[in-house]
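Accompanying notes for the structure given below.
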Amino acid sequence: MSGTTAPGPDGDTVSLRLAGPVDELAAELADRAAPAVHPYEVAALLESEGLTGERIRERYGHPDLFSLADELYRRVPRGFPEPAPAPDPWAPDHLRCALRGLLFALPGLAYPLTAPLWRGSGAVTALVVAGLVSWAWGQALGHRMYVRLATGRREAGLTARAGAPVGAALASLAALPVAGPGAAALFAVGQSVYLAAAGVLLVLGRERLLAVALLPLVAGGVLTLYGDPGPVWRVGLPLLTLAATTGLAGHTVRGALAAAPVPGAARPAYLPSLPYGLFGLAAGTLVLSTGGRHPYAVVALTVSMGPAEWLLYRFRGLSVAALRASATVRGFRLRTARTLALCLAGYLGLLVPAALLTDAPPGELASLGATLWIALLLQAFGVGRSPAAVCLVAAGAVVLVAVTGASPGPWFVPLCCSVAALVLAGVALYALGRPSAHA
């Protein structure tokens with residue numbers, strides 16, 4: 001008498017004693033008969049093995065196929081193999097997220113490199129005005145490009161070709177009356193053109209091309225570490241980066257336009273992109289309100305956008321895993337709250353130490369970072385109105401205090417951002433705690 005093993009009901013193995021032909025057959029077919037939920041499935045398995053009625057009667061002593069199948073169904077313990085784990089559809093690209101964080105920060109090298117040439121009354125204000133218009137337009141245009149990119153690459157290219165030049169022109173026109181004639185006006189125009197072109201490259205997934213275009217600017221930043229590079233380098237290197245970025249953006253758009261059009265592709269409405277533009281305006285105002293008092297805080301925030309984007313992908317991946325593991329809606333909401341807290345803590349865990357290296361109070365940078373990250377998370381799920389409304393209220397309060405000339409103290413901006421972050425966290429738990437949001 002010999003023996004073998006077969007999967008048991010809990011995935012463990014159990015021993016089958018081979019006392020006769022039926023036991024031998026049960027051992028032979030154990031791995032395929034164990035998952036059967038009815039004897040008929042075992043009967044189908046026996047038929048596929050080519051067992052005839054005569055062989056069943058002579059060798060196994062059963063009158064027919066179904067009798068033998070019923071006997072095997074009773075003898076083989078039930079066992080159901082675990083399905084292979086599904087791949088994470090939102091697995092982040094680590095290198096791409098890190099690169100995007102650098103790409104958000106590296107253009108800032110242009111300011112110390114060129115500042116001796118345009119510094120003067122009204123110059124900073126002109127750059128701020130142009131930057132706010134560029135951020136607002138860029139956020140709205142980026143949203144519209146992503147919507148059209150879901151239809152086809154050519155459709156996104158058409159949107160970029162029409163929208164990017166308009167955004168650069170609007171930002172330039174807003175800055176010129178403030179800057180007046182001179183180098184500051186030229187720099188504001190260059191800033192506006194760069195932001196429009198860089199936005200196109202980022203949305204169309206050409207981060208590496210943008211990194212190549214920024215190399216002259218990086219070289220200029222290195223030169224300033226060793227002394228005054230002189231006006232030729234201060235002007236020529238930023239112009240080279242601007243020309244490369246604009247040319248590569250144009251080349252990328254032309255490549256997108258060469259793609260085959262999608263038949264019957266409908267042009268989406270413009271209004272759904274408006275909240276994203278208003279959020280860009282409000283976010284820019286909040287960042288600049290902190291950056292005006294703590295300039296290096298802006299550097300920390302821009303560099304942190306790479307990890308922030310990585311954590312947005314991780315939130316989506318963890319949410320899908322929570323959806324698979326949850327048996328009730330309440331259980332999924334609790335898992336969503338835990339995931340939100342985990343990802344937000346991970347982001348602030350990187351941002352707060354960065355604040356210690358700058359002149360910004362950690363509390364102010366943390367509250368501002370939390371507000372921006374939760375708003376970006378909601379926007380990633382298509383929730384655009386709530387982040388725009390909450391951030392506009394916070395930015396409006398900051399602007400109102402600045403315009404009236406009041407002195408609310410260093411606690412005012414952190415308080416506004418903290419309240420905004422708490423409200424947005426509540427919105428996120430409500431909107432993203434529903435399974436339908438992750439379908």
Within this structure, what is the [atom1]-[atom2] distance for the pair [X] and [Y], rounded to the nearest 0.5 Å?
X    : Y    : atom1 : atom2 : result
L278 : S273 : CG    : OG    : 11.0 Å
R208 : R96  : CZ    : CZ    : 10.5 Å
T151 : L158 : OG1   : CG    : 11.5 Å
Y194 : T241 : OH    : OG1   : 8.0 Å
I374 : L344 : CD1   : CG    : 5.0 Å
L312 : Y347 : CG    : OH    : 9.5 Å

Verify, without hydrogens or angle tests, whether [X] (side chain) and [Y] (backbone) share a donor-acceptor contact under 3.5 angstrom.
X    : Y    : answer
R100 : G306 : no
S192 : A130 : no
W135 : T285 : no
Y73  : V37  : yes
H438 : R316 : no
Q191 : L127 : yes
R154 : L257 : yes
T224 : G221 : yes
R234 : D228 : no

L432 vs L340, side-chain contact (heavy atoms from CB on, under 4.5 Å): CA-CA, chis, key distance, verdict: CA-CA 10 Å; L432 308 184; L340 177 62; over 6 Å; no
Exceeds 12 heavy-atom contacts within 6.0 angstrom, atom [atom1] of [X]:
X    : atom1 : value
Y296 : OH    : no
Y146 : OH    : yes
R161 : CZ    : no
R293 : CZ    : yes
R335 : CZ    : yes

Could you check if a side-chain atom of [X] sits within less than 4.5 angstrom of a side-chain atom of [Y], using non-hydrogen atoms only?
X    : Y    : value
H294 : P361 : yes
L422 : V419 : no
L204 : M145 : yes
Y111 : W118 : yes
T159 : V147 : no
R206 : H251 : no
R32  : E41  : no
L210 : L202 : yes

Parallel, tilted or perpendicular: ring planes of W373 versus F315, cut at 30 and 60 degrees: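 Ring orientation, 0 to 90° scale: perpendicular.
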Grab the two heavy atoms, one from [X] and one from [Y], that are nearest each other, plus how far apart they are.
X    : Y    : answer
A164 : A196 : O-CB, 3.6 Å
T371 : C417 : OG1-O, 2.8 Å
L378 : A428 : CD2-CA, 3.7 Å
L176 : A185 : CD2-CB, 3.5 Å
V398 : S289 : CG1-CB, 3.7 Å
C343 : L311 : O-CD1, 3.6 Å

Full working for side-chain contact (heavy atoms from CB on, under 4.5 Å) between L217 and L106: CA-CA 8 Å; L217 198 57; L106 287 178; 5.9 Å; no
L271/L274 under side-chain contact (heavy atoms from CB on, under 4.5 Å): CA gap, chis, key distance, verdict: CA-CA 5 Å; L271 192 59; L274 178 61; 4.0 Å; yes
Test log, rule side-chain contact (heavy atoms from CB on, under 4.5 Å), inputs L113 and W233: CA-CA 9 Å; L113 182 61; W233 293 109; over 6 Å; no
No-hydrogen, no-angle side-chain donor-acceptor test under 3.5 Å, E364 and T290: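 Per modelled atom types, E364 and T290 side chains form a pair under 3.5 Å.
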